[in-house]
K.L.:
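Pasting in a structure now, in structure tokens, and then I'll have a few things to ask.
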2 protein chains.
Amino acid sequence: MDGTLRPPRRLEPEARREQIVAAAVCYFAEVGLGGTTRDLAQRAGVTQALLYRYFSSKADLLEAVFERVFLGRLDPRWIAEIRDRRVPLRDRLCRFYRQYAAAIFTYEWMRIFMWAGLAGEALNRRYLGHVAERLLAPLREEIAADGSCQAPDMEAMWALHGGIVYLGIRRFIYQLPAPDDVGPAIDGSVNRFLAGLAVSPSAEASSRGARPSAGRSGRVPSRR
Amino acid sequence: MDGTLRPPRRLEPEARREQIVAAAVCYFAEVGLGGTTRDLAQRAGVTQALLYRYFSSKADLLEAVFERVFLGRLDPRWIAEIRDRRVPLRDRLCRFYRQYAAAIFTYEWMRIFMWAGLAGEALNRRYLGHVAERLLAPLREEIAADGSCQAPDMEAMWALHGGIVYLGIRRFIYQLPAPDDVGPAIDGSVNRFLAGLAVSPSAEASSRGARPSAGRSGRVPSRR
DNA sequence: TTGCTTGTTGATCATCTGATCAACTGAAAC
DNA sequence: GTTTCAGTTGATCAGATGATCAACAAGCAA
């Protein structure tokens, strides 16, 4: 007799829907939003027709995938912690970016976000607008309020953000070797960023000539 | 009489192939590598069947697109300029990244590179390996050789690189507003980066407590 | 004009893809 | 056991897609 218990053919609608969405997140992350319903069904272990009992169309299914992947990724507590001036600024920055990275540095999030971005989904712009207003702007204000730093402009904040997010892009989009533990790299970026904004920097902080200036900076004299 | 001169129906093979590749670069950048040969043909102003006179398959056509977009984008003179120690380090960095940005911050390059990366093309990994070995590593060596800086590790170089490249990602992938002239933002990133690596940084460079350390950095004490 | 070469086209094929539907089936209710 | 309801399936449709091919036509030589 066969001891292996096969999954029951009939499932609660809740459970079946869950199973399909979970498989869809994984599948579309891998092959892109152009993946076929047939391949997805096979991977989910159901027939293709069944998908249309739970979702009215492929677009509807993708909607559920987006919701699953993006909804609730931005923890509102982060904002409170960013603002908590009892904690040293540096620690707040490092802590926030470690948490942020832990939230979005997954195969599914990174890739679906990028596929959706290329496809022109409005969702991405909404999300990044949110990041700018609710996360980067507060971070910037906190840095500006800290006496030890020159106030960075938003472009500087995006540069810090991009340098960190690029870790996830290297790993999950380009599939290049990247640190397993991104913590040290994040701390390094934050440390360099703050040190780069430090007030009254020593004149010879970098090589001779140009003075270090935060953010907007002057033109670099073209060579010769 | 109709003064408008229509394009001749018959073209030199060279010219026709050129016309198709040019249209293909633009088309696939927009819709992704899954775009159809019919839509492409319509956009190029030729029939779909004609594509197969110039390319044996869609994959073959995509090969030509990749070649067109990626080949020769990395100017070998950059390496010489990076190494030219007669020029101040800061100027070399700014100059290089301005040139690099001018080379790759185009709708076509950015998007095709990202589509190809998501699709798992080996091409991307080759290209970025090249960037790491021929560009970032020399930059790192030059910074290390400059007396005014602590030597950054490769992760720090990737963070600088990512912060700058993310400008192009914001603009061409996510289609968010971004500076038209990326020059100042690049100078700002370079300036902050170098200042962040400056030797013997003042102890209160950033907020109280942790010492600024370049690159690998220590753990951040978790709150409470 | 005639004939040849070759760039170009419309039609067509086999397959794939999103979507639909009648029929089947397992489990709970009676 | 029988009935009933709802989850599931195989078959199928219409349109899209990569690829092919015989036929057409523009330029050139004789």
Side-chain angles (χ1 to χ4, degrees), chain A residues 1-2 4-66 112 115-116 119-121, chain B residues 2 4-66 112 115-116 119 121:
Chain A
M1 33 300 232
D2 187 0
T4 62
L5 55 159
R6 285 164 311 172
R9 276 171 58 100
R10 288 169 73 99
L11 246 58
E12 300 278 313
E14 294 277 314
R16 184 67 82 191
R17 189 186 156 94
E18 166 58 31
Q19 173 194 18
I20 291 172
V21 172
V25 166
C26 178
Y27 173 70
F28 287 120
E30 181 179 331
V31 308
L33 311 186
T36 70
T37 55
R38 277 177 174 75
D39 283 350
L40 164 60
Q42 186 173 17
R43 236 199 244 203
V46 300
T47 59
Q48 185 238 4
L50 190 60
L51 300 181
Y52 289 87
R53 176 138 188 120
Y54 293 90
F55 304 95
S56 64
S57 66
K58 184 183 168 185
D60 186 36
L61 170 55
L62 280 175
E63 204 63 40
V65 168
F66 290 152
I112 288 186
W115 285 118
E121 295 284 337
Chain B
D2 185 1
T4 62
L5 54 159
R6 286 164 310 172
R9 275 170 57 100
R10 287 169 74 98
L11 246 59
E12 300 277 315
E14 294 277 314
R16 183 67 81 190
R17 188 187 157 95
E18 166 59 31
Q19 173 195 16
I20 292 173
V21 172
V25 165
C26 177
Y27 173 70
F28 287 119
E30 181 179 331
V31 307
L33 312 186
T36 70
T37 55
R38 278 178 174 75
D39 284 351
L40 164 60
Q42 186 174 16
R43 236 199 243 204
V46 300
T47 58
Q48 185 238 3
L50 191 62
L51 301 180
Y52 289 87
R53 176 137 189 119
Y54 292 90
F55 304 95
S56 63
S57 66
K58 184 184 168 185
D60 187 35
L61 170 56
L62 280 174
E63 203 64 37
V65 168
F66 290 151
I112 288 187
W115 286 117
E121 295 284 337

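The chains referred to below are lettered A, B, ... by the order of the sequence lines, with proteins before strands, and numbering in each begins at 1.
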K.L.:
Can you check the A:Q19 CD to D:dG7 P distance for me, whole Å?
P.N.:
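Between P of D:dG7 and CD of A:Q19: 14 Å.
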K.L.:
Grab the CZ-C1' distance between B:R16 and D:dA26 for me, whole Å please.
P.N.:
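About 12 Å, once rounded to whole Å.
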K.L.:
Identify the heavy atoms of B:G32 and B:W115 that sit nearest to each other, and give their distance.
P.N.:
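Where B:G32 meets B:W115 most closely, the heavy atoms are CA-CE2, 3.2 Å.
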K.L.:
Within this structure, what is the CZ-to-C1' distance between A:R38 and D:dG15, rounded to whole angstrom?
P.N.:
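Roughly 13 Å, once rounded to whole Å.
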K.L.:
Can you name the closest pair of heavy atoms from A:A64 and A:R17 and give their distance?
P.N.:
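Heavy-atom minimum between the residues: CB-NH2, 4.0 Å.
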K.L.:
Counting the atoms with a prime plus P, OP1 and OP2 as sugar-phosphate, which does A:G35 contact under 4.0 Å by heavy atoms, base, sugar-phosphate, or nothing?
P.N.:
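Since only primed, P, OP1 and OP2 atoms lie under 4.0 Å of A:G35, the category is sugar-phosphate.
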K.L.:
Could you check whether any side-chain heavy atom of A:F28 comes within less than 4.5 Å of a side-chain heavy atom of A:L40, counting everything from C-beta outward?
P.N.:
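A:F28 vs A:L40: side chains touch.
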K.L.:
Kindly determine whether B:D39 and B:V31 satisfy side chain to side chain contact (heavy atoms under 4.5 Å, CB included), including the steps that lead there.
P.N.:
CA-CA 10 Å; B:D39 284 351; B:V31 307; over 6 Å; no
K.L.:
When you measure from the side chain of B:T37, which nucleotide among D:dT8, C:dG7, D:dG18 comes out closest?
P.N.:
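Nearest to the side chain of B:T37 among the choices is D:dG18.
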K.L.:
Among D:dG18, C:dG18, C:dT25, which nucleotide has an atom closest to any side-chain atom of A:R10?
P.N.:
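Closest nucleotide among those given: C:dT25.
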K.L.:
To check you understand the geometry: which heavy-atom pair defines the closest contact between A:R43 and A:E30, and what is its length?
P.N.:
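Looking at all heavy atoms of both residues, the shortest contact is NH2-OE1, 3.1 Å.
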K.L.:
For DNA chain C, which residues of residues 39-50 of chain B approach it to below 4.0 angstrom with any heavy atom?
P.N.:
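Heavy-atom cutoff 4.0 Å gives B:T47, B:A49, B:L50.
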K.L.:
With a 4.0 Å heavy-atom cut-off, tell me which residues in residues 55-66 of chain A come close to DNA chain C, sorted by residue number.
P.N.:
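Hits under 4.0 Å, by residue number: A:S57, A:K58.
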K.L.:
Give me the atom names and distance for the closest heavy-atom approach of B:K58 to B:L33.
P.N.:
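Reported closest heavy-atom pair: NZ-O, 3.1 Å.
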K.L.:
So, do B:V65 and B:I112 sit near enough that their side-chain heavy atoms are less than 4.5 Å apart?
P.N.:
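Contact flag for B:V65/B:I112 side chains = yes.
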K.L.:
Give a yes or no on whether the backbone of B:T36 and the side-chain of B:Y27 come within a donor-acceptor separation of less than 3.5 Å.
P.N.:
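Yes; at least one donor-acceptor contact below 3.5 Å.
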K.L.:
Find the distance A:Y54:OH to C:dT20:C1' and express it as a whole number of Å.
P.N.:
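Rounded to the whole Å, the gap is 17 Å.
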K.L.:
Can you tell me the distance, in whole Å, between the CZ atom of B:R53 and the P atom of C:dG10?
P.N.:
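Taking atom P of C:dG10 as the reference, CZ of B:R53 is at 16 Å.
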K.L.:
Take atom CD of B:E12 and atom C1' of C:dT6, then tell me their distance rounded to the nearest Å.
P.N.:
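So the two atoms are 11 Å apart, to the nearest Å.
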K.L.:
Are A:F55 and A:V21 side-chain neighbours, meaning at least one heavy-atom pair lies under 4.5 Å?
P.N.:
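Of all side-chain heavy-atom pairs linking A:V21 with A:F55, at least one is under 4.5 Å.
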K.L.:
Just how far, in rounded Å, is C1' of D:dG10 from OH of A:Y52?
P.N.:
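It is 16 Å, rounded to the nearest whole Å.
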